[in-house]
Amino acid sequence: MQVSSLNEVKIYSLSAGRSLPEWLSDRKKRALQKKDVDVRRRIELIQDFEMPTVSTKIKVSRDGQYIMAVGTYKPRVRCYDTYQLSQKFERCLDSEVVTFEILSDDYSKIVFLQCGRFVEFHSQHGHYYKTRIPKFGRDFSYHYPSCDLYFVGASSEVYRLNLEQGRFLNSLQTDASESNVCDINPVHFLFAMGTAEGKVECWDPRTRNRVGLLDCALSSVTADTEIESLPSISALKFDGALNMAVGTSTGQVLLYDLRSSNPLIVKDHHYGLPIKSIQFQRQLDLIISADSRIIKMWNKDTGKIFTSMEPEYDINDVCLYPNSGMLMTANEAPKMNIYYIPVLGPAPKWCSFLDNLTEELEENPESTVYDDYKFVTRKDLENLGLAHLIGSSLLRAYMHGFFMDIRLYHKAKMMANPFAYEEYRREKIRQKIEETRAQRVQLKKLPKVNKELALKLIEEEGEEQQVTRKRKQKNLPSLLKDDRFKVMFENPDFQVDEQSEEFRLLNPLVSKISEKRKRKLKILEELEAQEQEDEEEPEGKASDAESSESSDDEKGWVEEVRKQRKLLRQEEKVKRQERFKEDQQTLLKPQFFEIKEGEEFRSFKDSAKKQKLMKKTLGDRLKLEEKLGTLNVSDTTVGSKQATFKLKKSEQQKKQQEAEKQHRQERKALRRPASHLKSKRGRGRRFH
């Protein structure tokens with residue numbers, strides 16, 4: 001049993017310790033208990049309280065006798081009898097369970113909402129009936145007065161299934177695109193549902209009308225919170241007739257009074273993870289909220305943290321055993337955790353021995369050695385000048401000495417011997433110099449171009465030589481000695497640009513290693529200069545390189561890529577600002593355009609109209625040309641369309657046509673007198 005304490009609240013983890021495999025025989029299990037101390041000290045409160053792979057939901061029946069849990073794989077439900085401290089039955093299902101509800105006081109009536117839109121009913125003997133809902137469901141609630149099941153999910157409708165009549169009723173039409181959670185008030189049976197838009201809609205089941213709407217997404221955003229998207233509702237729970245707690249997908253918990261649209265208090269988990277579960281502890285006025293990483297208990301009036309727990313694995317669900325201090329969790333692991341917190345309440349009656357066990361542990365506390373404490377003897381305290389602290393709370397007696405805070409120890413040692421750190425620093429620098437002396441010859445061989453790449457190849461060559469010596473293989477030729485790659489270390493055009501975007505994004509670890517190599521090159525160059533000038537090396541160079549090695553190795557590849565992307569965005573933003581400043585400083589000069597001969601300049605509006613016309617679709621342009629008269633569309637006898645176009649003429653063409661027309665008219669005028677005389681002569685001859 002593992003004991004932890006936060007804010008002077010002791011938490012006993014009853015499921016901590018090694019679990020024995022199921023395939024072991026009873027004889028081997030007894031032998032392991034005799035040999036292994038950890039196995040002998042572990043507490044198995046309920047036998048086989050686990051799932052094959054993952055547990056998703058866990059609930060307690062209303063009579064408190066049965067604990068039911070669902071998990072995978074394969075999808076199954078397990079029922080545990082607390083009076084027998086063992087498993088009562090196990091049933092396998094066709095698909096994974098989203099959530100379930102125990103309708104009766106015991107395990108005789110259960111409803112499962114499954115992934116494939118199935119709703120499965122189980123009775124005491126087993127499977128009873130299965131039906132489907134139109135859309136994928138995410139949560140449901142049971143309305144006891146009318147025997148209606150309310151289903152919410154990937155739809156704007158709330159589906160109602162009446163268990164007394166055995167048929168679906170008219171659904172509730174909401175304004176939300178999707179709904180995530182729902183709950184029914186146990187006092188006045190008000191139905192509330194949390195939507196994907198961050199709102200909570202309240203409905204009256206008697207009139208089937210919406211009676212209230214809360215915008216929780218807007219209220220959850222405060223001055224201290226940073227969000228990347230619109231918060232949606234991920235958890236919902238009623239407390240009594242007037243209180244309601246709402247959990248968001250960004251990690252905030254809002255406590256509402258139903259008579260007000262503003263939250264009484266907003267609590268942030270500071271992890272940015274969706275709230276998975278909300279429970280109320282009425283004896284101490286606490287709210288137990290949980291995301292996938294942490295379980296927090298805080299006062300609902302002040303918001304002050306009472307205590308918190310961080311399990312080893314991600315949390316899927318939290319269940320508080322009624323009227324007790326026991327807490328159970330479903331995790332992303334086979335074992336389901338059981339915690340006992342004596343401050344919250346007594347142990348359940350079926351495991352009342354836990355109270356006696358915890359009282360004995362509190363009477364005989366075990367001494368624990370901590371990493372952040374330093375063990376000192378009485379002689380060490382006299383040397384440090386801290387003998388007067390014996391008997392105070394700063395020293396804790398243990399065996400033949402005392403434990404004291406490591407920070408206090410360092411401060412006292414610094415005051416007692418101020419040059420101890422300088423001596424330690426010089427010693428470290430001397431060790432670093434001794435380690436790097438063997439590399440001075442290699443430094444002289446480094447080329448002028450791509451020094452870091454050459455140093456990398458030298459290091460890899462040394463590692464390969466060690467491997468080949470062990471395996472007794474032949475050494476491969478070095479790239480530095482190969483004439484084909486000689487130009488790469490001589491011509492500056494082949495210099496690797498480490499500041500380019502492609503290098504920084506595709507090679508984040510290479511860039512990190514190159515930073516180490518730059519420090520190494522700097523140290524080696526300083527050592528070479530020291531050897532030439534016969535001067536002492538300035539202190540601090542080697543120790544800085546040594547201290548930075550451990551911090552660089554802690555970051556992973558993903559964090560480095562995100563960092564490089566952030567730096568690139570910042571650099572691009574700075575460049576845009578500089579370009580904007582340059583544009584503001586430049587003076588605009590007038591530009592002159594030359595007009596060709598035979599063309600008239602009207603205005604710049606014509607070109608703008610032409611550009612707008614070109615952006616339009618072909619249909620719009622045809623309609624416009626038909627209005628202007630340049631296009632004629634008519635139906636033919638066959639049933640098809642016939643289009644006649646009139647091409648637009650330029651000013652020069654119009655002038656040319658007018659000149660030709662005038663010329664034809666003049667020629668026609670000259671022909672008229674000649675034709676008139678011929679006609680007169682012809683008439684005279686005929687007359688005579």
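Along the sequence shown, the residues carry numbers beginning at 1. Atom set for the values below is all heavy atoms of this structure, side chains included, hydrogens, waters and symmetry mates excluded. The structure presented is a predicted model; accordingly, all values stated were derived computationally and were not measured.
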Applying ring pair (Phe, Tyr, Trp, His ring centres under 6.0 Å), name anything that partners F280, two or more places apart in sequence or on another chain.
none
Short question: side chain of D183, backbone of F238 - any donor-acceptor pair under 3.5 Å?
yes
Basic-acidic side-chain contact under 4.0 Å: E90, R78
yes
Donor-acceptor under 3.5 Å (T329 side chain, V318 main chain)
no
Over 60° means perpendicular and under 30° means parallel, so tell me whether Y107 and F89 are parallel, tilted or perpendicular.
tilted
Scanning both residues in full, the closest heavy-atom pair of G194 with L236 reads N-CD2, 4.3 Å
Assess whether salt bridge (charged side-chain N to carboxylate O under 4.0 Å, His left out) is satisfied between R282 and D239, documenting all intermediate values.
CA-CA 9 Å; R282 297 183 179 178; D239 179 36; 3.2 Å; yes
Donor-acceptor pair, Y80 side chain versus D48 backbone, under 3.5 Å?
yes
Is a donor from one side chain sitting under 3.5 angstrom from an acceptor on the other, for T250 and Q252?
yes
Can you list the residues that meet the salt bridge (Lys or Arg N to Asp or Glu O under 4.0 Å) rule with D380, with sequence neighbours excluded?
none
I'd like to know if the side chain of N337 pairs up with that of S15 as donor and acceptor (distance under 3.5 Å, no hydrogens or angles considered).
yes
Among side-chain atoms of Q279 and Q281, is any donor-acceptor pair under 3.5 angstrom?
no
Without swapping roles, check the side chain of T377 against the backbone of G401 for a donor-acceptor pair under 3.5 Å.
no
Are I11 and T307 close enough that some pair of their side-chain heavy atoms sits under 4.5 Å apart?
yes
Is the side chain of N7 donor-acceptor paired with the backbone N or O of V9 at a distance under 3.5 Å, no angle test?
no
Partners passing side chain to side chain donor-acceptor pair (under 3.5 Å) against R430 (at least two apart in sequence or in another chain):
E427
Salt-bridge test for D405 and R407: reply yes if a basic N is under 4.0 Å from a carboxylate O, no otherwise.
yes
Side chain to side chain, I58 and F49, heavy atoms closer than 4.5 Å:
yes
Expected output: side-chain Y66 to main-chain C79 donor-acceptor under 3.5 Å:
no
Donor-acceptor under 3.5 Å (S232 side chain, S249 main chain)
no
